[in-house]
Amino acid sequence: MGFWDRALSSNRIELFGYVYTPIALPTSSRRSSATSCDSLFAEKPVRVERRAWLARTLRSPACTYTLQLLALVLLVAIVAVFNLFHHATSPIPAPVASGSSALAALASSSIPPARRLAELNEAYDSEKEGFGVGNANLAAYRNELNDAYATLFGPQVVPSAVDLVDSRHPSETPLPSIWNNNSCALDPSCALSTTPIPSDLYMTAYSVSPEPPSVPTWRENNPSLSIDLFNDSQVLDWINKRYPAGSIACEFAALPINILQFDLFRLLVLFGRGGFYADADTMAIKPVERWGENAVDLTDPVLRAASDVDASAPPALVIGVEWAGRTEVNALNPLYTRSVGVVQWSFGATRGHPVLLDSIRRIVDHTHCVVGDDEECTSAPLHFDPQESRMILEWSGPAVVSDAVARYLRTRWGVSLESVADYSVPVRIGDVVILPIGSLNARTNPLAKMFDWFVGRNKTPLTGREECLLHEHAASWWKWGAGGESVVLERQDVKCSA
């Protein structure tokens with residue numbers, strides 16, 4: 001006799017401590033119901049076992065890790081779709097005067113360039129824009145750089161010594177003529193020089209014999225490029241020979257860490273000669289003459305017309321964006337204290353460019369503030385801790401160049417660096433070409449490319465159309481201060497005067 005028949009015969013059902021009185025049913029219905037109920041109660045232990053197995057499985061470490069991985073994949077997919085939508089809705093910028101009658105009329109108007117520049121900078125807010133721009137007064141900027149040049153370089157003469165690297169530079173052009181010609185870049189009504197960046201590459205390494213393994217990639221991609229390698233001793237020797245007057249040789253020797261000297265040297269060699277600089281752990285992908293080709297010109301039409309420079313003219317400065325995070329405090333921001341930063345391990349410039357002189361001035365002033373004479377420090381209070389290993393970023397590294405580029409773009413061309421740092425194509429402002437983020441930090445690993453795209457460090461991971469070089473970060477600042485140790489720097493009783 002089944003369960004249901006026994007319950008009907010006793011006219012009661014006991015289930016989980018409760019007593020139920022069944023409803024009278026026809027005999028046929030009773031039979032069919034009894035069969036189904038017997039099956040139901042017979043399957044109950046199986047269901048209990050399945051639920052227990054499911055509970056044990058969900059609590060197991062393997063299942064927990066799997067669920068966490070699936071959640072992470074879902075999160076990555078959501079962010080990737082957002083990035084894809086963001087890039088798809090951020091079109092390539094159009095030239096400022098293409099097909100616009102209003103802008104064309106503005107370019108041909110009689111508005112003085114100085115007044116137009118003042119209009120562009122009228123809404124400038126140093127606190128909101130950040131960087132080390134300070135004020136956007138072009139006259140003050142020009143006077144400051146003139147004073148820095150007179151103090152650091154003085155009345156330079158042509159060195160009589162033959163250049164120590166090779167015979168291509170038996171003598172050097174006097175710096176006064178270099179700076180006088182380039183100071184025109186700080187006058188909005190002055191026609192800029194159209195001299196291209198020289199086809200010379202300068203690299204620094206602890207040892208130049210044998211040459212670093214990356215050098216052949218530069219020769220292969222740049223057959224017409226001459227390459228000069230400098231080690232520690234050659235750097236100091238070249239500084240003393242090239243800059244015998246002024247205080248710059250003394251200021252260079254006063255830098256307490258050799259990595260600071262390497263940072264300053266790259267600026268000094270381009271300031272005196274012009275050309276391209278690259279760290280010895282970089283590998284070329286594209287010829288330097290093609291860096292920034294077909295750049296979109298976003299220069300204000302009035303300033304462009306007054307300076308007599310357009311997109312067809314060779315640029316005087318080629319710089320790449322390293323970071324464009326939109327926030328100053330971000331764990332992925334290599335500059336830590338800026339929303340936008342530029343690459344310092346490779347760039348190109350003509351001789352005497354104002355950005356180079358401003359960067360040199362900032363490094364020297366930081367040295368005065370940290371280990372020199374307090375009376376000569378104009379940057380106090382410092383915005384970085386000189387006892388931390390990452391202070392190199394702020395003292396002489398990419399933060400310095402980022403501030404100098406931001407100041408030049410804002411003060412001379414009325415444009416903020418942040419406004420042109422997020423494009424996926426090269427952008428031109430006046431005589432400056434800004435390469436998009438990732439151009440000077442290409443990747444060979446497809447996963448690394450997608451990761452860079454995911455965090456915003458590469459705009460074109462699939463095409464790689466703007467990739468110019470690889471950087472292995474083999475001698476980076478964080479490897480110098482491995483582990484983040486604090487740095488002990490003592491005051492030096494050194495006074496450098498012109």
Side-chain angles (χ1 to χ4, degrees), residues 165-166 168-169 182 192-205 208 211-230 262 265-297 309 311-322 342-353 355-356 359 398 401 405 423-444 458 460 463-473:
V165 178
D166 54 38
R168 292 183 301 101
H169 303 281
N182 280 274
L192 296 178
S193 171
T194 57
T195 302
I197 299 175
S199 296
D200 297 318
L201 175 69
Y202 303 95
M203 308 180 82
T204 55
V208 297
E211 65 181 20
S214 62
V215 174
T217 67
W218 285 94
R219 291 199 177 99
E220 180 181 349
N221 287 276
N222 300 273
S224 61
L225 193 68
S226 62
I227 301 176
D228 291 337
L229 286 168
F230 289 82
F262 281 136
F265 170 75
R266 67 192 66 186
L267 298 166
L268 289 172
V269 71
L270 294 192
F271 184 75
R273 285 185 176 176
F276 291 86
Y277 170 83
D279 282 354
D281 58 351
T282 59
M283 293 182 287
I285 298 177
K286 181 185 294 186
V288 292
E289 61 265 18
R290 292 182 53 200
W291 289 14
E293 60 182 351
N294 302 319
V296 179
D297 192 355
V309 61
S312 63
L317 178 67
V318 178
I319 202 82
V321 176
E322 180 181 4
V342 302
V343 168
Q344 185 224 18
W345 57 73
S346 186
F347 56 95
T350 55
R351 297 183 300 179
H353 195 279
V355 167
L356 301 176
S359 300
V401 182
V405 171
Y423 289 119
S424 60
V425 295
V427 172
R428 178 161 184 152
I429 302 294
D431 61 344
V432 181
V433 167
I434 301 102
L435 303 177
I437 191 170
S439 296
L440 302 181
N441 192 25
R443 307 279 190 168
T444 56
N458 192 333
T460 56
T463 63
R465 64 174 181 267
E466 302 302 339
E467 293 179 349
C468 299
L469 62 80
L470 298 168
H471 186 212
E472 296 183 340
H473 300 277

Are the side chains of [X] and [Y] in touch, meaning some heavy atoms are under 4.5 Å apart?
X      : Y      : value
Cys468 : Arg290 : no
Asp279 : Phe262 : no
Asn221 : Lys286 : no
Val288 : Leu201 : no
Tyr423 : Ile434 : no

Please report the closest heavy-atom contact between [X] and [Y], naming both atoms and the distance.
X      : Y      : value
Ala280 : Ala205 : CB-CB, 3.9 Å
Thr217 : Ala284 : OG1-N, 3.1 Å
Pro315 : Arg428 : N-NH1, 3.8 Å
Trp218 : Met203 : NE1-CE, 3.9 Å
Pro216 : Pro213 : CD-O, 3.2 Å

Any donor-acceptor pair under 3.5 Å linking the side chain of Trp345 with the backbone of Leu440?
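Side chain of Trp345 to backbone of Leu440, a donor-acceptor pair under 3.5 Å: yes, one is there.
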Are the side chain of Arg266 and the backbone N or O of Leu268 linked by a donor-acceptor pair below 3.5 Å?
no
Taking it one step at a time, do Glu466 and Leu435 satisfy side chain to side chain contact (heavy atoms under 4.5 Å, CB included)?
CA-CA 8 Å; Glu466 302 302 339; Leu435 303 177; 5.9 Å; no
Drop me the distance from [X]'s [atom1] to [Y]'s [atom2], to the nearest 0.5 angstrom.
X      : Y      : atom1 : atom2 : value
Leu317 : Thr350 : CG    : OG1   : 8.0 Å
Asn222 : Phe276 : CG    : CZ    : 8.5 Å
Asp431 : Ile197 : CG    : CD1   : 9.5 Å
Phe230 : Tyr277 : CZ    : OH    : 11.0 Å
Arg219 : Ile227 : CZ    : CD1   : 4.5 Å
Tyr202 : Ser346 : OH    : OG    : 14.0 Å

Side chain to side chain contact (heavy atoms under 4.5 Å, CB included) evaluation trace for Ser214 with Glu472:
CA-CA 10 Å; Ser214 62; Glu472 296 183 340; over 6 Å; no
Pick out which of Val405, Leu267, Ile319, Val432 makes a side chain to side chain contact (heavy atoms under 4.5 Å, CB included) with Val355.
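When Val405, Leu267, Ile319, Val432 are each tested with Val355, the side chain to side chain contact (heavy atoms under 4.5 Å, CB included) holds only for Val405.
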The test is side chain to side chain contact (heavy atoms under 4.5 Å, CB included); show your working for Phe347 and Leu270 and say whether it passes.
CA-CA 10 Å; Phe347 56 95; Leu270 294 192; 3.4 Å; yes
